[in-house]
4 protein chains.
Amino acid sequence: MDGAVGADDLESRPRPLPATARGRRSRQALLEAARTVFARDGFSEARITDIADAAKVAHGSFYTYFSSKEEIFVALIHELEEDLRSPGRDDDLRDGARGHEPYESILRANRDYLEAYRRHSAIMIVWEQVATLDTQVERLRLAASDRFAARIEVVVRHWQETGVADPGLDARYAALALTGMVSNFVYRWSASGADFDVTRAAEQLSLLWANALGVRVPPHRR
Amino acid sequence: MDGAVGADDLESRPRPLPATARGRRSRQALLEAARTVFARDGFSEARITDIADAAKVAHGSFYTYFSSKEEIFVALIHELEEDLRSPGRDDDLRDGARGHEPYESILRANRDYLEAYRRHSAIMIVWEQVATLDTQVERLRLAASDRFAARIEVVVRHWQETGVADPGLDARYAALALTGMVSNFVYRWSASGADFDVTRAAEQLSLLWANALGVRVPPHRR
Amino acid sequence: MDGAVGADDLESRPRPLPATARGRRSRQALLEAARTVFARDGFSEARITDIADAAKVAHGSFYTYFSSKEEIFVALIHELEEDLRSPGRDDDLRDGARGHEPYESILRANRDYLEAYRRHSAIMIVWEQVATLDTQVERLRLAASDRFAARIEVVVRHWQETGVADPGLDARYAALALTGMVSNFVYRWSASGADFDVTRAAEQLSLLWANALGVRVPPHRR
Amino acid sequence: MDGAVGADDLESRPRPLPATARGRRSRQALLEAARTVFARDGFSEARITDIADAAKVAHGSFYTYFSSKEEIFVALIHELEEDLRSPGRDDDLRDGARGHEPYESILRANRDYLEAYRRHSAIMIVWEQVATLDTQVERLRLAASDRFAARIEVVVRHWQETGVADPGLDARYAALALTGMVSNFVYRWSASGADFDVTRAAEQLSLLWANALGVRVPPHRR
DNA sequence: GATGAATGAGTATTCATTCAT
DNA sequence: CATGAATGAATACTCATTCAT
């Protein structure tokens with residue numbers, strides 16, 4: 001999963017939330033059950049039957065709220081976004097653009113990303129999986145990655161203009177490659193089942209990132 | 001798909017090749033049909049029936065040679081490896097260790113990788129997909145990535161010792177991150193359906209890579 | 001099939017009966033269809049498809065109630081038991097133990113058994129067949145036979161103690177052999193397709209049984 | 001399996017034995033492999049493939065000698081017969097008719113039968129199974145039983161005429177029932193997997209048999 | 001809204017049997 | 001005669017989705 005998420009402009013409008021409290025409870029129970037079942041069984045193996053069972057609602061009720069496994073998965077991702085876009089995150093790098101020490105901005109952004117990913121690693125891994133199976137989710141994922149990369153690209157370009165970063169780089173390639181580096185790193189590490197030291201990983205990745213861009217690394221960070 | 005592949009120590013011994021020429025022809029026809037069908041339909045959608053049809057053999061004959069879709073896929077990957085490990089590839093970076101200009105070694109290794117990936121991009125993308133579905137293939141993939149990263153790690157360490165690369169980096173993290181950067185880049189680009197300029201991509205990635213490691217980039221390469 | 005049946009302690013707990021009347025109707029229709037199809041085609045030849053068709057339910061519905069041909073067969077046997085254990089049967093021989101004329105007890109027990117067997121001969125023959133194919137059913141059958149034989153053994157021992165039966169016999173062997181004699185007789189006769197005269201068969205078998213045990217046969221019965 | 005076997009008048013003429021020594025070796029290897037495989041897997045589970053593999057001949061070669069699983073099974077039974085009809089056996093009861101002590105004749109016949117059955121119990125049990133599946137084998141089995149019973153019937157009738165056996169019995173019923181008693185007893189015992197004491201079983205069964213018929217049991221045998 | 005039974009399309013898989021070499 | 005690859009008929013089984021109550 002690359003970078004931040006959120007691409008609500010790609011799918012059909014979500015249906016309105018249920019009118020009654022009972023309805024809202026059922027819908028929520030289904031979402032939570034889905035999170036559990038997807039994390040446990042993966043997307044392909046997860047059966048709607050199991051989700052309904054885990055939510056303690058009748059099988060038929062599933063269709064009152066969602067029309068397919070894909071749809072409930074997308075709804076789950078939307079819930080996820082709220083946490084991934086936690087306050088501050090978006091501003092990590094813009095801060096950088098606003099004159100703070102660039103290396104610190106990079107470090108903060110990477111640490112936030114690693115932490116968010118780890119918090120949701122089970123479902124993030126499933127997201128990777130679903131992206132390979134479902135075109136809509138694939139586009140969602142690529143769009144999210146690209147949007148994130150585009151944001152980085154702007155920052156990199158700004159740094160190049162202000163002499164902070166190596167002007168010889170192609171900002172677009174650099175942004176794509178470096179965001180990919182981080183997301184691939186954390187995915188591979190999570191998928192292998194191993195845990196990892198977020199602080200150390202964030203440091204090392206930020207060091208590589210800063211070096212790659214030619215951004216100055218404060219001496220005490222080496 | 002990350003880095004080079006090959007993990008024949010991970011799965012059960014393959015069954016012996018068919019004794020007769022006719023048998024070998026059938027097996028080969030199935031493998032080629034599988035390549036086509038997987039590339040066209042993806043792994044989940046591919047039906048064994050279609051593979052047998054495409055190979056012009058009876059459905060039952062599929063089971064003479066392979067016992068499942070997973071098994072024929074793994075056999076396919078093994079064929080792929082031979083091309084991915086094409087002569088010279090393995091030596092790209094060892095050359096670097098042997099005293100050639102390090103940046104040139106990096107560039108050559110990256111270009112070779114990008115070209116091999118593009119040559120097989122359809123099946124490489126399916127490999128990514130299958131890895132999310134099948135544990136054996138997942139391990140195969142992670143092992144291949146790790147093996148590749150381990151090779152890079154040795155080179156990086158050597159460069160650090162000889163003053164070519166930044167000694168402040170953790171060689172292991174750097175190797176994981178940078179190999180992941182390249183493979184993620186090429187996967188994302190290929191998956192988006194867009195084509196890309198191998199030469200330019202190799203240059204830019206190598207530049208980032210060299211910068212990240214603190215390896216000197218020859219002036220004419222900037 | 002040897003002796004009386006019933007071994008509900010041998011298989012896994014049956015799933016709960018359907019909650020709705022409609023469900024109970026479907027389940028029952030499947031059981032009745034299974035009885036017909038098994039009796040007509042035998043166990044091996046019976047196809048689940050045919051059972052579902054005969055029950056006028058969709059094929060998939062079969063699996064709502066039973067998970068295999070074996071399982072529906074066992075359910076069928078349990079229904080059968082209720083009739084085989086019809087009121088009075090169990091007491092036939094205990095009567096004997098309570099002081100009625102022993103020969104009359106034997107005669108009544110044998111006649112009841114022959115009649116019950118004939119009433120269900122088609123399915124009883126299939127039971128024999130399934131027992132040779134399915135370990136669970138085999139154990140069910142042997143257990144049923146053994147339980148029946150054990151009951152007879154108690155009676156024989158009682159008769160030996162009270163001077164009614166030959167004390168030189170081993171009650172266990174005698175019980176096994178004589179119950180087997182009756183069940184084998186009726187199976188063989190039924191399987192040959194011929195019908196038989198229950199009254200005469202019961203008389204002759206009881207005569208042999210009584211003679212074998214040394215039980216006095218009333219003169220008018222000779 | 002009831003009584004002695006042999007009913008070569010029921011099936012089509014066997015094909016001539018192979019002309020060459022090599023052919024005879026193959027045929028014999030298949031028969032021996034079949035015996036092993038049937039005993040291990042039962043008839044339904046046994047696959048022709050496995051028999052050919054066990055015999056170390058090509059699958060296709062099976063059909064050079066036998067045209068089906070049923071056919072090789074019948075051939076196996078014919079081999080069996082030679083041992084079941086071992087010298088003396090047939091005469092056991094005729095001896096009885098010729099003036100020896102009847103009880104001793106019964107005892108010898110039963111002991112011979114139990115011993116032969118035990119020697120071949122694995123395949124005898126399979127024979128029971130096949131009889132429930134295959135009409136030809138079923139008829140073979142019933143015919144064998146009936147023939148044996150018919151032989152006993154003659155003896156019983158002779159004993160009745162000479163005042164040795166109870167004239168009140170129906171010789172036909174008695175013969176059917178008593179031969180069935182023995183074969184059922186040994187089958188049930190063998191199928192339960194338990195071993196048994198042939199001498200004791202033969203004594204007890206003979207005692208029951210003699211008592212049932214009203215044949216005098218020598219005092220030292222009680 | 002909730003329930004849970006009914007539906008049936010869609011494929012994998014086995015293995016006896018044939019036949020070209 | 002031997003070989004072993006090719007054939008394809010025949011069914012079981014799953015599970016998303018619908019719908020009567």
Side-chain angles (χ1 to χ4, degrees), chain A residues 18-27 45-53 55-70, chain B residues 18-27 29-30 45-52 55-69, chain C residues 18-27 29-30 45-52 55-69, chain D residues 18-27 45-53 55-70:
Chain A
T20 70
R22 190 189 183 195
R24 274 190 299 278
R25 229 180 307 125
S26 292
R27 198 190 115 100
E45 298 294 299
R47 288 172 308 151
I48 288 185
T49 291
D50 290 340
I51 296 175
D53 285 347
K56 292 183 185 154
V57 304
H59 300 171
S61 297
F62 179 91
Y63 293 91
T64 307
Y65 303 105
F66 306 98
S67 64
S68 68
K69 210 160 58 161
E70 280 76 14
Chain B
T20 69
R22 191 185 179 201
R24 276 189 297 278
R25 231 178 304 128
S26 293
R27 198 190 114 102
L30 281 164
E45 299 295 301
R47 287 173 307 147
I48 287 182
T49 291
D50 290 340
I51 295 175
K56 293 187 184 146
V57 302
H59 300 168
S61 294
F62 178 90
Y63 294 92
T64 306
Y65 301 105
F66 307 99
S67 64
S68 66
K69 218 160 55 163
Chain C
T20 69
R22 192 186 179 200
R24 276 188 296 280
R25 230 178 305 126
S26 293
R27 198 190 114 102
L30 281 164
E45 299 295 301
R47 286 174 307 148
I48 288 183
T49 290
D50 290 340
I51 296 175
K56 291 186 185 151
V57 303
H59 302 168
S61 295
F62 178 90
Y63 295 93
T64 305
Y65 302 104
F66 307 99
S67 63
S68 65
K69 218 158 58 161
Chain D
T20 70
R22 191 188 181 192
R24 274 191 298 278
R25 229 179 307 125
S26 292
R27 197 189 115 101
E45 299 294 300
R47 289 172 307 152
I48 288 185
T49 291
D50 290 340
I51 296 175
D53 285 347
K56 293 186 185 151
V57 304
H59 301 171
S61 297
F62 179 90
Y63 292 91
T64 305
Y65 302 105
F66 307 99
S67 64
S68 68
K69 209 158 62 160
E70 280 75 15

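In the text below, chain A, chain B and the rest are named by the order of the sequence lines, each starting its count at 1.
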- Message: From the set F:dT3, E:dA5, E:dG4, return the single nucleotide nearest to any side-chain atom of D:Ala58.
- Response: F:dT3
- To the nearest Å, how far apart are C:Arg24 CZ and E:dG4 P? 13 Å
- Least distance between heavy atoms, C:Pro18 atom then C:Arg27 atom: CD-CD, 3.7 Å
- Query: Can you name the closest pair of heavy atoms from C:Ile51 and C:Leu30 and give their distance?
  - Reply: CG2-O, 3.8 Å
- Task: List the atom of C:Ser68, the atom of C:Phe62, and the distance in Å for their closest heavy-atom pair.
- Result: O-CZ, 3.7 Å
- Message: Which heavy atom of B:Ala52 sits nearest to which heavy atom of B:Ala58, and what is that distance?
- Response: CB-O, 4.1 Å
- Between B:Ala29 and B:Ala55 the two heavy atoms that sit nearest each other are O-CB, 3.5 Å
- Item | Dot-bracket summary - DNA chain E, pairs being Watson-Crick or G-U whose distances fall under 3.5 Å, with | when paired to another strand | .||||||||||||||||||||
- Rounded to whole angstrom units, what separation is found between the CG atom of A:Asp50 and the C1' atom of F:dA16? 12 Å
- Do B:Thr20 and B:Arg25 touch side chain to side chain, with heavy atoms closer than 4.5 Å? no
- Interatomic distance, D:Lys56 NZ vs F:dC1 C1' [rounded to whole Å]: 20 Å
- Query: Just by protein heavy atoms under 4.0 Å, how would nucleotides 13-21 of chain E read 5' to 3' in B, S and -?
  - Reply: BBSSBB---
- Query: So do A:Ile48 and A:Phe66 actually touch side chain to side chain, heavy atoms under 4.5 Å?
  - Reply: no
- Query: Between B:Tyr65 and D:Gly23, who's closer to the 5' end of DNA chain F by nearest nucleotide?
  - Reply: D:Gly23
- Identify which nucleotide among F:dT7, E:dA6, F:dC1 has an atom closest to any side-chain atom of D:Thr20, counting heavy atoms from C-beta outward. F:dC1
- Item | Closest nucleotide among F:dT3, E:dT7, E:dA6 to the C:Val57 side chain | E:dT7
- Item | Nearest heavy atoms of B:Tyr65 and B:Gly23, plus distance in Å | OH-CA, 3.3 Å
- Message: Check whether C:Ser61 reaches the backbone of C:Thr64 with its side chain - one donor and one acceptor, N or O, closer than 3.5 Å.
- Response: no
- Which whole-number value in Å describes the distance from C:Phe66 CZ to F:dC13 C1'? 16 Å
- Message: Roughly how many Å apart are E:dG1 and F:dT21, using the C1' atom of each and rounding to a whole number?
- Response: 13 Å
